[in-house]
Amino acid sequence: MKNALIIGASGGIGDAVTQHLRGQGVDVTTLSRAADGFDVGNPASVDTHLERLAGPFDLIFVAVGILAPLWGAPEKALSAIKADDMAHVFAVNAIGPALILRHAARLLPNDARGVVATLSARVGSIGDNKIGGWHSYRASKAALNQIIHGAAIELGRSHKQSVCVALHPGTVATPFTADYAGRHKTVPAPEAAAHLLAVIEDLTPAQSGGFYDYAGQEVPW
């Protein structure tokens with residue numbers, strides 16, 4: 001890997017992935033709201049920032065997402081759903097990555113391996129949902145997974161060596177999860193980044209469109 005684009009690089013996982021790749025000598029381009037004003041929920045912002053980039057990038061790593069709006073929390077019951085809050089979660093977790101993916105074909109190599117990896121979450125798995133709750137977050141990640149699957153099909157037609165996947169990083173010890181980790185075992189962000197990059201390194205075009213965890217195991221839809 002020579003060139004990588006990390007979107008959401010100011011977050012815990014995004015920053016850890018950036019540092020890990022730079023430690024390996026990879027030329028890393030970063031985008032984030034904090035450093036660049038990159039607003040994944042604003043189509044104009046996404047287009048303006050990505051149209052400035054020429055690529056090609058061997059890896060496009062999308063590490064954007066929210067559990068709930070800053071003014072709210074994940075719903076524990078259907079009665080807690082608020083339309084505006086749900087729309088905001090979808091705008092960041094599903095629509096935002098879709099807007100980024102509109103630029104993927106131009107930013108990936110045409111005739112060499114190129115990977116688009118987007119952070120999803122196991123709770124977005126319909127088959128793995130046994131306890132309910134967290135409706136907006138779960139549904140937005142399930143929507144993201146479908147977007148990734150469809151994008152992989154389309155990219156595969158023009159970029160035969162491309163890999164486009166959704167990744168579950170596990171429960172990572174970051175401010176993102178601080179209030180919700182509970183009894184779940186957490187791993188430090190640098191460790192999670194190393195696991196995810198190892199999975200990315202081993203993925204083949206035949207696996208494009210899939211949903212994988214930090215150990216490379218396929219997650220049920």
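Among residues two or more places apart in sequence or in another chain, the ring-ring contact (aromatic ring centres under 6.0 Å, His included) test is passed with His149 by Trp221. With sequence neighbours left out, His49 forms a ring-ring contact (aromatic ring centres under 6.0 Å, His included) with Phe38. The salt bridge (Lys or Arg N to Asp or Glu O under 4.0 Å) check on Arg106 picks up nothing, with sequence neighbours excluded. In this structure Asp39 satisfies the salt bridge (Lys or Arg N to Asp or Glu O under 4.0 Å) test together with Arg33, sequence neighbours excluded. Legend: residues meeting salt bridge (Lys or Arg N to Asp or Glu O under 4.0 Å) with Asp36, ordered by chain and number and at least two apart, are absent. Among residues two or more places apart in sequence or in another chain, the salt bridge (Lys or Arg N to Asp or Glu O under 4.0 Å) test is passed with Arg122 by Asp213.
Under the 4.5 Å side-chain heavy-atom criterion for ILVMFWY residues, a single connected hydrophobic cluster contains both Val115 and Leu197. A chain of hydrophobic side-chain contacts below 4.5 Å, direct or via other Ile, Leu, Val, Met, Phe, Trp or Tyr residues, connects Val46 to Leu107. With hydrophobic clusters built from ILVMFWY side chains whose heavy atoms lie under 4.5 angstrom apart, Leu101 shares a cluster with Leu5. Transitive grouping of hydrophobic side chains (ILVMFWY, heavy atoms separated by less than 4.5 Å) brings Ile95 and Ile148 into a common cluster.
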### Task
Apply side-chain contact (heavy atoms from CB on, under 4.5 Å) to the pair His135 and Val89, showing each step before the final yes or no.
CA-CA 10 Å; His135 300 292; Val89 173; over 6 Å; no
### Task
Test Ser120 against His168 for side-chain contact (heavy atoms from CB on, under 4.5 Å), laying out the working first.
CA-CA 5 Å; Ser120 184; His168 166 60; 5.9 Å; no
### Task
Evaluate side-chain contact (heavy atoms from CB on, under 4.5 Å) for Asn42 paired with Leu99, printing each intermediate quantity in order.
CA-CA 9 Å; Asn42 183 326; Leu99 297 174; over 6 Å; no
### Task
Apply side-chain contact (heavy atoms from CB on, under 4.5 Å) to the pair Ile200 and Val165, showing each step before the final yes or no.
CA-CA 9 Å; Ile200 288 169; Val165 292; 5.6 Å; no
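Between the Gln19 side chain and the Ala16 main chain, no donor and acceptor come within less than 3.5 Å of each other. Side chain of Ser125 to backbone of Pro220: a donor-acceptor contact under 3.5 angstrom is found. Ser208 places no side-chain N or O within 3.5 Å of a backbone atom of Pro205 that could act as its donor or acceptor partner.
Nearest approach of Leu144 to Pro97, heavy atoms of both residues: CD1-CB, 3.6 Å. What you find for Ile147 and Ala94 is that their closest heavy atoms are CD1-O, 3.5 Å. Between Ala9 and Thr18 the shortest heavy-atom distance is CB-OG1, 3.9 Å. In this structure, Ala142 and Gly124 approach most closely via the heavy-atom pair CB-O, 3.4 Å.
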Distance-only criterion, 3.5 Å: show the donor-acceptor pairs between side-chain atoms of residues 55-73 and protein atoms not counting sequence neighbours.
from, atom 1, to, atom 2, distance (Å)
Asp58, OD2, Lys2, N, 2.7
Asp58, OD2, Asn3, N, 3.0
Trp71, NE1, Asp85, OD1, 2.7

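Between Val17 and Val28, the closest side-chain pair of non-hydrogen atoms is not below 4.5 Å. Looking only at side-chain heavy atoms (C-beta outward), Ile6 and Thr29 stay at 4.5 Å or farther from each other. Under the 4.5 Å side-chain criterion, counting only non-hydrogen atoms from C-beta, Ile153 is not in contact with Leu155. You'll find the side chain of Leu31 reaches within 4.5 Å of the side chain of Leu53, heavy atoms only. Side-chain contact between Leu196 and Leu119: present, with at least one pair of heavy atoms (C-beta onward) separated by less than 4.5 Å. Residues Val40 and Ile100 meet the side-chain proximity criterion, which asks for heavy atoms closer than 4.5 Å.
For Tyr212, the OH atom counts as densely surrounded, since its 6.0 Å shell holds more than 12 non-hydrogen atoms of other residues, nucleotides or ligands.
Within the structure, side-chain hydrogen bond (donor to acceptor under 3.5 Å, both in side chains) contacts touching residues 151-162 (residues at least two apart or in different chains) are Asn110-His159. Under the salt bridge (charged side-chain N to carboxylate O under 4.0 Å, His left out) criterion, no residue pair touches residues 7-18, with sequence neighbours excluded. For the salt bridge (charged side-chain N to carboxylate O under 4.0 Å, His left out) condition, no pair includes a residue of residues 196-208, sequence neighbours left out. Applying the salt bridge (charged side-chain N to carboxylate O under 4.0 Å, His left out) test to every pair with at least one member in residues 63-78, sequence neighbours left out, gives no pairs at all.
The CG atom of Leu21 sits 11.5 Å away from atom OG1 of Thr30, with the distance rounded to the nearest 0.5 Å. Rounding to the nearest 0.5 Å gives a distance of 13.5 Å between CG of Leu167 and NE2 of His195. Expressed to the nearest 0.5 Å, how far CE of Met1 lies from CG of Asp27 amounts to 12.0 Å.
In the hydrophobic clustering, where aliphatic and aromatic side chains (Ile, Leu, Val, Met, Phe, Trp, Tyr) are joined below 4.5 Å either directly or transitively, Met86 groups with Leu78, Ile81, Phe90.
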